[in-house]
Student: 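One structure is given below, represented as structure tokens, and several questions about it will come after.
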Amino acid sequence: MKKVELLWVVDDDPTYVFTIKIRLQHYGYSNKLDVFSDGKEAFDKLQQIHEVGGDLPDLILLDLNMPIWDGWDFLNEIEKAKMEDLLTVYIISSSNNPQDLRRSEQYKSVQNFFVKPIDLEELSLIINKEFQ
Amino acid sequence: MFFNPYASPLILAAAFGFIVAGLCLQYGNAKGERYFAFSMIFSGLYAAFYTLELSSSQLSALKLFLVLQYTGAPFIIPFLLLFVLKYSGHKEYISKKNILIIFFIPVITALLVFTNPLHHQFYTWFEISNNGYFPILQTGKGVGYYIHQFYSICLTLLCDIILIILLFSIQRIFFIRVFLIVIGISIAWLTYLLHVLVGPPYGIDLVPFSFIISGLIFYIGLIRWKIFNIIPAAFETVFKNLNEGLLVIDNEGFVINSNRHAKIMLGLYSKSGQLRFADITGDWPGLQDAFEKKNNMPVIEKQILNEKDKNWYEVSMQPLREESDRVVGKVISIRNINKRKQSEEEMKLLMNLTQKQNDRLKNFAHIVSHNLRSHAANIKSLSDLLTETRPDLVDSEIVALLKNSSENMMNTISDLSEVAMLNTNEQNELENIELNKVVKKAIGHVSGIAKDARVNIFNHLNDAFYVLGIPEYLDSIVLNLLTNAIKYRKEMEGSMVKVTGEQNKNYVKLSVEDNGIGIDLARHGAKIFGLYKTFHKHPDARGVGLFITKNQIEAIGGRIEVESKLGEGTVFNIFFNYEKS
């Protein structure tokens, strides 16, 4: 049984961040939740933690379309830094492009791909699988 | 009559004449072979009757066989002329009128000979003498005789002139063929000249004897060199009048032949003397390089922009081989392809424009898919959250309508982005997909709603069907048809959907049949696959599904047909391509 101690939301849309926070609270998630508004910000932090041997996030909810580094950049950098085995990523994006879905399947760290708005059923899928 | 051994070679001459004629007659008359055959037959007759003359000792017999020689002799050269005209590509001169003119004197000659006892204008007297070996007939020559001889010499000269002109204007590889014909014809003629200059040896007419050599030459020419297999003149005509420039260059780089087009293109009319290929390639960047390539290279093709007239040309070069396969030079052809280039450019521009518009459309699809969707998704999430966090608002009509609107907005955006994406995925490679897997998966998806709606789904599909398609499209196609069949059911017991399939040599056919409310095809048939066309007051009917389905089917090279009767049900037949090995 895993327990999510630290959850990251990497998304530039504050409204979405607001709704997902409430949803997670609704499901009783009360541990730490950090928000990053682009892929680079998140990756820099990740690298910083990795270097000092700190606690990596147990779960990352990743958007695709973001400024500076988008979701793909973030995933690529993770692979380059050989951190893909250490991370659990769910893509939650407004892209319904089948090509994006197929592309996401090539990343080892990506568990699943959901198209926004993520509904309660889909969220409970993640929660049942990743939260204890 | 007696056997005259000195006449026996003439039997050979006659035989050669008839054999060569027989060979020629098999060829048809495309290159004048029939004329040549007749000429040979007549020379055969001439030789045959001369044989008989030389084998006779009675004056009456000698006279008879002399006269009979004129069944052949006058016609040999006229037919030869017809042959030469046709062989050298001047068949336009072979008209009825000209044939009458050519044969006028020969016919008169024959008539004069046959009627000689009446007028003695051809032979004035006859006498038997002996040359020491056998008796020979000596004759006095009349006006008719000299006209006949003169005419024959003129026609022979004409034949030779035509052939010699041909000899010097044709390609080298035809030289031997034409040369053989010239020699064959000239031998008889030279013999006759010899005859006139030094007198007949032993009173013998040597011309029929010369037919032995002519016949032999023609025989060898036919068998070994296939003189009739190609018409040099025809090739010459093609060479001259071809709509592209042709240059023949020898191994030393000299231009040895060029046609009119090449002369104009390369400005050869203003140059004189022996031209080197290198001297004329100034305005043709790259032409010299192409020429420098190895001799045994096969065809080289190159597109060159001429620096002077700014036109595009296609230059191709191939080695010129002799019959022994030895490379003796190169043939370079130059074709103006400016028009083609221009239309290629226009096509490119058009393609660019289309590409740009397509990109813009893709971009639009992207905006719809991403940006609009994220806002709509937020509104939907917020309206959901509103009722989740404020239970007191659940009954509010405003909130209910808000939720409904945001839901509709999401649906519209989904549909539109799906429609927009239809055209953007066309580069996708088609995959080989097992149809039954797709159907089973789709049935799994709709099993919940089918159960709720009390619709039975029967899958009669054979496992063996593989079709070519894009997996997402196939899923979407089958799912949409099943959903439709359930959605438009009749409210009754025994509602069902039946999936069947069959395969023939052209396609795999998938049928989705229901016993639902049906569609009035007479009224709506034309619009059934249109965008935003709905025919039912069904709350979920958005008029997008069948449009997308049809487009997806067509995008993978298939087609869809519908059969329906109002109140009885609907069958959708989809025809898929499959991999034919």
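Note on naming: letters A, B, ... go to the chains in the order of the sequence lines (proteins, then strands), and numbering restarts at 1 for each one. Atoms considered below: every heavy atom in the structure, side chains included; atoms not considered: hydrogens, waters and symmetry mates.
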Student: Highest number of heavy-atom pairs under 4.5 Å with chain B: which of A:Ser94, A:Ser93, A:Ser95?
Tutor: A:Ser94

Student: Got more than 12 heavy atoms from elsewhere within 6.0 Å of CD, A:Glu105?
Tutor: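 Yes, CD of A:Glu105 has more than 12 neighbouring heavy atoms, counting only those of other groups under 6.0 Å.
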
Student: Could you tell me whether B:Ile398 atom CD1 has more than 12 heavy atoms of other residues or ligands within 6.0 Å of it?
Tutor: no

Student: Are there residues of residues 379-394 of chain B whose heavy atoms fall under 4.5 Å of chain A's heavy atoms? If so, which?
Tutor: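 Residues of residues 379-394 of chain B touching chain A at under 4.5 Å: B:Lys380, B:Ser381, B:Leu382, B:Asp384, B:Leu385, B:Glu388, B:Thr389.
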
Student: Look up atom NE2 in B:His375 and atom OG1 in A:Thr15, then write down how far apart they are to the nearest 0.5 Å.
Tutor: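 So the gap between those two atoms works out to 9.0 Å.
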
Student: Quick check: are there more than 12 heavy atoms from other residues, nucleotides or ligands sitting under 6.0 Å from CZ of A:Phe18?
Tutor: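 Counting neighbours around CZ of A:Phe18, 12 or fewer heavy atoms of other residues, nucleotides or ligands fall under 6.0 Å, so no.
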
Student: May I ask you to check whether over 12 heavy atoms, not counting those of B:Asp452, lie within 6.0 Å of atom CG?
Tutor: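 Yes - once you tally the heavy atoms of other residues, nucleotides and ligands closer than 6.0 Å, there are more than 12.
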
